[in-house]
Amino acid sequence: VYVPFTSVADSLVQVKKSEIESYINNHANEYQVEASRDVKYVKFDITATPEDEEAIKTEVAKLLEDREEYSNVTKGNITVKGLKSVTDYKTFLDENKSDLPLNESLQFKVQVPQTIAEDIFNAKEGDVFGPYNDNGYFKISNVPNITRVPDSVKAKHILIPCVGSRSASAETTLTEDQAKAQAGSLLAVVKANKSQFAELAKELSADKANAEKGGDLGWFTDNLSLIHISEPT
């Protein structure tokens with residue numbers, strides 16, 4: 001005979017406290033919990049005082065100019081070049097224990113520290129800036145070179161994929177060398193007659209989405225200037 005527990009009304013069953021205690025004692029291992037601790041702690045934030053910041057700024061400023069230092073190797077004073085004089089920026093940062101690595105990429109105006117962005121983009125090659133505070137670091141920067149680029153460019157392409165390339169499909173059969181050879185042939189044709197580009201793109205480009213538009217990718221916009229900034233910190 002099968003009688004489910006759910007068919008028995010709770011009011012018909014009386015459970016004694018002693019029965020509960022007996023059950024718990026007989027199944028003690030099922031009620032074990034891991035030991036816990038009530039931990040209290042105090043948090044101290046390590047932040048620089050205004051006096052600390054001024055001291056750090058003064059130390060960083062010393063890295064701009066050449067300075068005389070005593071050398072244990074030569075047993076005399078030597079000239080240590082500052083940022084205004086050096087050309088090997090990586091070694092300069094390493095020797096002065098920079099907290100951040102050398103930034104050797106060209107920077108758009110929106111990418112440089114905004115506190116000095118206007119000054120940098122009005123600067124001449126070789127100009128040096130700092131110290132200035134940027135995101136918790138005191139920095140000094142110089143401008144090794146400046147590159148001017150258009151504010152917008154229009155591009156179009158003819159895509160020739162090879163087997164294994166990111167743009168390859170199930171229909172791709174050309175090897176890398178074969179794809180390069182075909183692209184080279186197309187380049188020679190287009191250089192001789194630029195008006196053929198659109199037709200060649202429609203016929204041969206694997207980028208079908210843009211092929212019908214003659215390979216046109218549209219306009220790309222960016223800032224007017226690119227500056228190469230070195231930032232010892």
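Below, all heavy atoms of this structure are taken into account, side chains as well, without hydrogens, waters or symmetry copies. Residue numbers count from 1 along this sequence.
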- Heavy atoms from other residues, nucleotides or ligands near CG of Asp10 exceed 12 (cutoff 6.0 Å): no

- Task: Before giving the answer on side-chain contact (heavy atoms from CB on, under 4.5 Å), spell out for Ile146 and Phe121 the whole-Å C-alpha distance, their side-chain angles and the decisive distance to 0.1 Å.
- Result: CA-CA 9 Å; Ile146 299 173; Phe121 275 79; over 6 Å; no

- Mark yes or no for whether Ser185, through its side chain, and Ala181, through its backbone, hold a donor-acceptor pair below 3.5 Å. yes

- Query: Please walk me through it: do Asn210 and Leu217 pass side-chain contact (heavy atoms from CB on, under 4.5 Å)?
  - Reply: CA-CA 7 Å; Asn210 293 300; Leu217 298 174; 3.5 Å; yes

- Message: Test your reading of the model: is there a side-chain donor-acceptor pair from Gln14 to the backbone of Leu12, 3.5 Å cut-off?
- Response: no

- Working to the nearest 0.5 Å, report the span between CZ of Phe129 and CG of Asn142. 9.5 Å

- Note on the structure: Heavy-atom nearest pair, Thr172 first then Cys162, reads CG2-C, 3.5 Å

- side chain to side chain contact (heavy atoms under 4.5 Å, CB included) partners of Thr79, counting only residues at least two apart: Asp66, Glu68

Indicate every side-chain donor-acceptor pair of residues 187-199 with a distance under 3.5 Å to a residue at least two apart or in another chain.
unit_1, atom_1, unit_2, atom_2, d
Asn193, OD1, Ser195, N, 3.2
Asn193, OD1, Ser195, OG, 2.4

- Task: Considering non-hydrogen atoms only, spot the tightest contact between Thr58 and Glu54 and give its length.
- Result: OG1-O, 2.8 Å

- Query: So, the side chain of Asp52 versus the backbone of Thr49: is there a donor-acceptor pair under 3.5 Å, distance only?
  - Reply: yes

- Message: Pair Tyr23, His27 - check ring pair (Phe, Tyr, Trp, His ring centres under 6.0 Å), show working.
- Response: CA-CA 6 Å; Tyr23 179 86; His27 300 80; 4.0 Å; yes

- Query: Between atom CG of Leu106 and atom OG1 of Thr147, what is the distance when rounded to the nearest 0.5 Å?
  - Reply: 5.0 Å

- Minimum side-chain heavy-atom gap Ile120-Gln107 below 4.5 Å: no

- Would you call Leu102 and Phe92 a side-chain contact if the rule is heavy atoms closer than 4.5 Å? no

- Message: Take a 6.0 Å sphere around CD of Glu176 and say whether it holds more than 12 heavy atoms from other residues, nucleotides or ligands.
- Response: no

- Short question: side chain of Glu65, backbone of Lys81 - any donor-acceptor pair under 3.5 Å? no

- Message: Return the CD1 to NZ distance between Ile140 and Lys84, rounded to the nearest 0.5 Å.
- Response: 10.0 Å

- Derivation of the side-chain contact (heavy atoms from CB on, under 4.5 Å) call for Tyr70 and Lys75: CA-CA 7 Å; Tyr70 180 79; Lys75 303 301 180 183; 3.7 Å; yes

- Query: Hey, is NZ on Lys213 packed in by over 12 heavy atoms from elsewhere, all under 6.0 Å?
  - Reply: yes

- Would you find a donor on one side and an acceptor on the other, under 3.5 Å apart, between the side chain of Ser98 and the backbone of Pro101? no

- Message: Please check this pair: side chain of Asp119 against backbone of Ile116, looking for a donor-acceptor N/O pair closer than 3.5 Å.
- Response: no

- Test: Lys40 and Asp38 ion pair at under 4.0 Å: no

- When rounded to the nearest 0.5 angstrom, what distance separates NZ in Lys139 from NZ in Lys57? 15.0 Å

- Item | Cluster check Ile24, Val15: I/L/V/M/F/W/Y, side chain < 4.5 angstrom | yes

- Rounded to the nearest 0.5 Å, the CG atom of Leu159 sits from the CG atom of Leu204 at a distance of 11.5 Å

- Item | Heavy-atom closest pair, residues Ala206 and Pro161 | CB-CD, 3.4 Å

- Item | Residues that Val80 engages under side chain to side chain contact (heavy atoms under 4.5 Å, CB included), provided they are two or more places apart | Arg67, Glu69, Ile78

- Message: Within this structure, what is the CD1-NZ distance for the pair Ile160 and Lys180, rounded to the nearest 0.5 Å?
- Response: 14.0 Å

- Dump the intermediate steps for side-chain contact (heavy atoms from CB on, under 4.5 Å) on Lys109 and Glu118, then the final yes or no. CA-CA 8 Å; Lys109 191 173 183 179; Glu118 288 298 330; 2.8 Å; yes

- Can you name the closest pair of heavy atoms from Val128 and Leu64 and give their distance? CG1-CD2, 3.2 Å

- Query: Taking all non-hydrogen atoms of both residues, which atom of Ala48 and which atom of Glu53 are closest, and how far apart?
  - Reply: CB-CG, 3.8 Å

- Considering non-hydrogen atoms only, spot the tightest contact between Gly218 and Asp216 and give its length. N-OD1, 2.8 Å

- Near Lys208 NZ, under 6.0 Å, is it more than 12 heavy atoms from other residues, nucleotides or ligands? yes

- Query: Does Thr115 reach the side chain of Asn133, with side-chain heavy atoms less than 4.5 Å apart?
  - Reply: no

